[in-house]
Amino acid sequence: MASLSFHFCVLMVMFAGLISPPICHARFQEPKKHVPLFILGDSLFDPGNNLYLNTTPESSAFWPYGETFFKRATGRFSDGRLVPDFIAEYMNLPTIPPYLQPGPQRFIDGSNFASAGAGVLPETNFEVISLPQQLRYFKGMVKVLKHQLDDAEAKKLLKRAVYLFSIGGNDYLHFYDENTNASQSEKREYVGIVIGNLTIALKEIYGLGGRKIAFQNAGLLGCLPSSRSGAKNGACAEEPSALARLHNMALAKALKELESSLPGFKYAIFDYYKAISQRTDNPSNMVDFDFSKTACCGSGPYRASNCGGERGRKKFELCRIPGDYLWFDGGHGTERANRQLAELLWGGGPSSTAPRNLKQLVELEIM
């Protein structure tokens, strides 16, 4: 088998318009063998792909994003690391870089295609890398692997790999913004469209050799600081969260059906919605977040907007200790929150991640 130290380079063509108080952390046992990690999704998982798009620079390109861990802005929407950064560590992998980052990349370790603002549906945001475009990039990467290894070795690698998703939240926020008076049947129809397109993508990955699929489901969308800022008295907005619940039920059903119909297909779902709900409803008693409604960084009600300012200009307030906060900005968690979420995804019990956790999924031998 080819050496794991081999570095792969890829020439990527850019298309305009696309493209705290201390807490104790669990010590996780490393997986028994090398398993690559491929990541697809939105801003919750984007390590900086959007920095390489021919669009207006993201606020995450500027301080104070990245201040806690990286000491500089990396394009991540947090003060530090994201969930996939911790997952890579638990899998004994290096930090998985943005796919669009120029220079050598070790695709045998995985790649991160996630893009802030992305949805399952391209029309959710045409200026970023939608899931279909992420999938096209993934297919291009598979060709590189097959060229550098051979078809048989590439197939083994893709079969061992884990495919980690966080996608769908932006689709429902977009739908809610455009259809505030939608009927229940219209909401269910839209959820069906999103899940249908997501299922098509999963079947394509399966056709390329992917077998182990992990999802972070849709979160408590109505309780983001950005959602509270536009609601009466700062209450959670019920409709976005209701859409997320419909999505999560449909996602669980779709993945169960795929596992039944596709030989070797295995999955895990991390209940992100529940984890955020627990930290929102009773933050100080459960996980020592002093602030779960207001963001650490931003301006306006609940500091819900403008973190990072405009091209680096200071137009926002910034908390002193990000780890005291659940949210770093209007829609994204602090590094401390992300670590807790990653621990639940990786080693959590059935009430957090089911029907198996990510560590169990990683260690599955797929015949």
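- For the 3.5 Å distance criterion, the side chains of Ser78 and Arg76 fail to qualify, holding no donor opposite an acceptor.
- Crowding of Glu189 atom CD: a count of heavy atoms from other residues, nucleotides or ligands under 6.0 Å not exceeding 12.
- Among Asn248, Ile213, Leu255, the one residue that satisfies the side-chain contact (heavy atoms from CB on, under 4.5 Å) test with Ile269 is Leu255.
- In this structure, Pro84 and Ile39 approach most closely via the heavy-atom pair CB-CD1, 3.6 Å.
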CA sep, side-chain torsions, deciding dist, call: Glu365, Lys266, salt bridge (charged side-chain N to carboxylate O under 4.0 Å, His left out):
CA-CA 10 Å; Glu365 295 287 347; Lys266 300 295 179 182; over 6 Å; no
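- Between the side chains of Asp109 and His34, a donor-acceptor pair is found at a separation under 3.5 Å.
- In the hydrophobic clustering (ILVMFWY side chains linked at under 4.5 Å, chained through shared members), Leu82 stands by itself.
- Under the 6.0 Å distance and 45° angle rule, Arg336 counts as a cation-pi partner of Phe289.
- Each ring-ring contact (aromatic ring centres under 6.0 Å, His included) pair with one or both residues in residues 189-212, not counting sequence neighbours, appears once here: Tyr172-Tyr190, Phe175-Tyr190.
- Remark: SG of Cys297 is found under 2.5 Å from SG of Cys307.
- Looking at heavy atoms from C-beta onward, Tyr52 lies in side-chain contact with Gln101 at the 4.5 angstrom threshold.
- Cluster annotation: Ile96 and Phe69 are assigned to distinct hydrophobic clusters (Ile/Leu/Val/Met/Phe/Trp/Tyr, side-chain heavy-atom contacts under 4.5 Å, transitive).
- Here the CH2 atom belonging to Trp327 is positioned 12.5 Å from the OG1 atom belonging to Thr294, to the nearest 0.5 angstrom.
- Between atom OH of residue Tyr267 and atom CG of residue Leu202 there is a gap of 12.0 Å, rounded to the nearest 0.5 Å.
- The shortest non-hydrogen separation linking Pro301 to Ser229 is O-CB, 3.7 Å.
- A donor-acceptor contact closer than 3.5 angstrom is absent between the side chains of Asp46 and Ser115.
- Partners of Tyr272 according to the ring pair (Phe, Tyr, Trp, His ring centres under 6.0 Å) rule, which considers only residues two or more places apart in sequence or in another chain, do not exist here.
- A continuous path of Ile, Leu, Val, Met, Phe, Trp and Tyr side chains, each step under 4.5 Å between heavy atoms, connects Ile366 with Leu37, placing both in one hydrophobic cluster.
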Side chain to side chain contact (heavy atoms under 4.5 Å, CB included) assessment of Tyr90 paired with Lys359
CA-CA 9 Å; Tyr90 303 157; Lys359 182 177 184 293; over 6 Å; no
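- Side-chain contact annotation: Asp42 with Ser166, donor-acceptor N/O pair under 3.5 Å present.
- Between Lys293 and Tyr302 the shortest heavy-atom distance is O-CD2, 3.8 Å.
- The two residues Ala244 and Gly219 come nearest to each other via the heavy atoms CB-O, 3.3 Å.
- In this structure, a donor-acceptor pair under 3.5 Å is present between the side chains of Asp171 and Thr124.
- Residues Leu358 and Ala214 approach most closely at CD1-CB, 3.7 Å, considering heavy atoms.
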Without placing hydrogens or testing angles, list every side-chain donor-acceptor pair under 3.5 Å for residues 139-146, not counting sequence neighbours.
unit_1, atom_1, unit_2, atom_2, d
Lys139, NZ, Glu204, OE1, 2.3

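- Ring orientation note: the planes of Phe138 and Tyr163 are nearly perpendicular, at an angle over 60° on the 30°/60° scale.
- How far CG of Asn217 is from OH of Tyr273: 10.0 Å, rounded to the nearest 0.5 Å.
- Note that CH2 of Trp63 and NZ of Lys71 are 12.5 Å apart. Values are rounded to the nearest 0.5 Å.
- Atoms CD and CD, on Glu335 and Glu67 in that order, are 10.5 Å from each other to the nearest 0.5 Å.
- Of the inter-residue distances, the one linking Phe265 atom CZ with Lys203 atom NZ reads 10.0 Å to the nearest 0.5 angstrom.
- Exactly one of Thr334, Thr280, Asp290 qualifies for a side-chain contact (heavy atoms from CB on, under 4.5 Å) with Leu326. That residue is Thr280.
- Applying the side chain to side chain donor-acceptor pair (under 3.5 Å) criterion to Arg356, with sequence neighbours excluded, gives Glu259.
- Residues meeting the ring pair (Phe, Tyr, Trp, His ring centres under 6.0 Å) test with Phe77, sequence neighbours left out: Tyr65, His332.
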